[in-house]
Protein chains: 2
Amino acid sequence: MSKVKLDRQEKIGRLEAKCRERRIPMTVQRRAIFEALLDRQDHPTIDQVYEDIKDRIPGVSRTTVYRTLETFVDLGVSRKTSHVAAMARFDGNVEHHHHLVCVRCDKLVDFDDPALSRLPLPDARRTGFEIKDFSVYLEGLCPDCKKFAPKARGANRPRKKLI
Amino acid sequence: MSKVKLDRQEKIGRLEAKCRERRIPMTVQRRAIFEALLDRQDHPTIDQVYEDIKDRIPGVSRTTVYRTLETFVDLGVSRKTSHVAAMARFDGNVEHHHHLVCVRCDKLVDFDDPALSRLPLPDARRTGFEIKDFSVYLEGLCPDCKKFAPKARGANRPRKKLI
DNA sequence: CTCCGTGCAAAAGGTTTGCACTGGT
DNA sequence: ACCAGTGCAAACCTTTTGCACGGAG
């Protein structure tokens with residue numbers, strides 16, 4: 001069995017463990033959605049995941065995909081990725097700069113650091129991409145969110161409002 | 001006059017120059033929206049910009065804010081920032097990793113690079129943030145977009161479909 | 001004077017919510 | 001058997017589009 005397969009099984013096992021730990025049921029929908037995530041090498045949208053599973057789970061609804069993926073993020077087995085997308089945000093600063101992002105409330109602020117900016121561009125030739133620039137996203141807790149229980153996970157987490 | 005004020009004037013001048021160069025009118029709406037962008041230290045949403053200007057420009061519509069900010073990005077005087085937001089995307093990979101993002105079609109793929117990951121966390125104490133992790137976004141052209149005229153700006157640019 | 005930009009309203013996505021029912025544990 | 005998860009439909013919110021008018025060059 002290949003390394004990749006083993007990795008896949010291990011991740012599924014981690015999901016099952018987390019579900020048991022949190023006393024939440026491991027439904028066929030959750031398993032299928034998680035496997036669909038693992039089987040893609042890109043960062044699918046809700047709709048892409050839905051397309052991937054709707055044949056295996058006839059009658060499944062998009063709503064379930066929304067809720068399930070949100071659950072996975074809470075469980076720590078999946079991530080939401082930063083992406084230029086709907087609910088656009090704009091920045092008048094076009095100079096090279098970096099960002100601080102709060103993992104709890106999603107606040108985003110600019111961060112200038114000459115040391116970071118001196119970072120040499122890595123060799124990405126094997127990917128076929130032609131890299132022009134880069135920016136670093138520093139992830140952590142903003143001053144406001146540090147005040148609240150920083151270990152809060154899922155529960156007592158404020159409804160994300162995209163501050 | 002302070003350094004900041006000078007910077008502000010300089011940026012407004014750059015916008016005026018770009019508008020003249022591209023033969024597009026410099027309307028009161030465009031000026032107000034650009035000033036609103038410059039006056040904020042964060043990354044406002046469309047709606048936040050709208051709230052900022054609606055008193056100064058009575059009767060202005062959200063539609064104008066949408067179109068104007070898009071114009072600014074084309075002119076190169078503003079940027080759209082990557083942000084965890086609506087049109088969610090998910091990643092089954094929770095390990096530390098980086099991203100390649102195509103500035104033309106917004107394609108996003110994972111990129112692993114041990115050298116990048118050894119980067120020491122910068123000192124962000126002055127910001128009040130408590131940094132836990134970071135990830136690097138490498139910006140450039142994906143293999144597909146490299147094929148098309150890479151210098152295309154605005155014109156002949158495909159409608160963004162969030163591939 | 002000529003266009004392009006703007007405002008309005010409607011349409012087009014994407015996401016969230018309430019409720020009754022089903023299915024894991 | 002119990003309670004959380006699911007499916008459906010409607011509500012909600014953000015973004016896009018078509019059209020007629022008005023203002024910048």
Side-chain angles (χ1 to χ4, degrees), chain A residues 15-34 43-51 53-54 56-75 80 83-90 106 154-155 157-163, chain B residues 15-34 43-51 53-54 56-75 80 83-90 106 154-155 157-163:
Chain A
L15 170 61
E16 288 171 336
K18 294 261 185 184
C19 282
R20 243 173 287 127
E21 179 188 314
R22 292 267 282 266
R23 303 270 191 286
I24 69 172
M26 181 67 178
T27 62
V28 287
Q29 289 90 338
R30 285 189 177 140
R31 166 167 271 108
I33 291 170
F34 192 64
H43 300 77
T45 61
I46 300 276
D47 221 62
Q48 288 169 330
V49 173
Y50 172 74
E51 287 298 323
I53 63 163
K54 75 162 196 260
R56 252 191 298 170
I57 315 282
V60 73
S61 76
R62 278 184 180 74
T63 310
T64 296
V65 181
Y66 277 99
R67 289 192 276 224
T68 300
L69 287 173
E70 211 59 60
T71 301
F72 288 170
V73 173
D74 273 354
L75 291 178
K80 238 172 173 164
H83 200 279
V84 174
M87 187 60 143
R89 278 159 184 272
F90 294 85
D106 288 340
R157 195 210 218 100
R159 184 82 194 74
K160 292 209 175 180
K161 267 274 126 214
L162 294 183
I163 297 168
Chain B
L15 170 61
E16 288 171 335
K18 293 260 184 184
C19 282
R20 241 172 289 127
E21 179 188 314
R22 293 268 282 266
R23 303 271 191 285
I24 69 172
M26 181 68 177
T27 62
V28 287
Q29 289 91 336
R30 284 187 177 141
R31 168 169 267 108
I33 292 171
F34 192 63
H43 300 76
T45 60
I46 300 276
D47 220 62
Q48 287 168 331
V49 173
Y50 172 74
E51 287 299 322
I53 64 163
K54 75 163 195 257
R56 251 191 298 170
I57 315 282
V60 73
S61 76
R62 277 184 180 75
T63 309
T64 296
V65 180
Y66 277 97
R67 288 192 275 224
T68 301
L69 287 174
E70 212 58 59
T71 301
F72 287 169
V73 173
D74 273 354
L75 291 178
K80 237 172 174 163
H83 200 279
V84 174
M87 186 60 143
R89 276 157 185 273
F90 296 84
D106 288 340
R157 195 210 218 100
R159 186 82 195 72
K160 291 208 177 181
K161 269 272 127 218
L162 293 183
I163 296 167

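Just so it is clear: chains get the letters A, B, ... in the order the sequence lines come, proteins before strands, and each one is counted from 1. Atom set for the values below is all heavy atoms of this structure, side chains included, hydrogens, waters and symmetry mates excluded.
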Please give, in whole Å, the distance from [N] [atom2] to [X] [atom1]?
X	N	atom1	atom2	value
B:Glu51	D:dT14	CD	P	11 Å
A:Glu16	C:dG24	CD	P	14 Å
A:Arg31	C:dG24	CZ	P	11 Å
B:Met26	D:dA24	CE	C1'	12 Å
B:Glu70	D:dT15	CD	P	10 Å
B:Arg22	D:dG25	CZ	C1'	17 Å
B:Arg62	D:dC12	CZ	C1'	14 Å
A:Asp47	C:dA12	CG	C1'	14 Å

- Query: Who are the side chain to side chain contact (heavy atoms under 4.5 Å, CB included) partners of A:Tyr66, not counting sequence neighbours?
  - Reply: A:Ile46, A:Arg62
- Item | Spatial distance of atom CG (A:Leu75) from atom OG1 (A:Thr68) [nearest 0.5 Å] | 10.5 Å
- Message: So, taking the atom named CD1 in B:Ile53 and the one named CD in B:Glu51, what distance separates them when rounded to the nearest 0.5 Å?
- Response: 10.0 Å
Considering non-hydrogen atoms only, spot the tightest contact between [X] and [Y] and give its length.
X	Y	answer
A:Arg56	A:Ala32	NH2-O, 3.9 Å
B:Gln48	B:Thr45	OE1-N, 2.8 Å
B:Val60	B:Tyr50	O-CE1, 3.4 Å

Applying side-chain hydrogen bond (donor to acceptor under 3.5 Å, both in side chains), name anything that partners [X], two or more places apart in sequence or on another chain.
X	result
B:Arg31	B:Glu16
B:Ser61	B:Thr64
A:Arg20	none

- the helix from C:dC1-D:dG25 to C:dT25-D:dA1: angle between terminal helix axes, five bp per end, to the nearest 10 degrees, reads 40°
- In 5'-to-3' order, the base (B), backbone-only (S) or no-contact (-) status of each nucleotide in nucleotides 2-9 of chain C, using a 4.0 angstrom heavy-atom cut-off, is --SSBBBB
- For D:dT15, take OP1 and OP2 only and decide whether either is under 4.0 Å from a side-chain N or O of B:Tyr66. yes
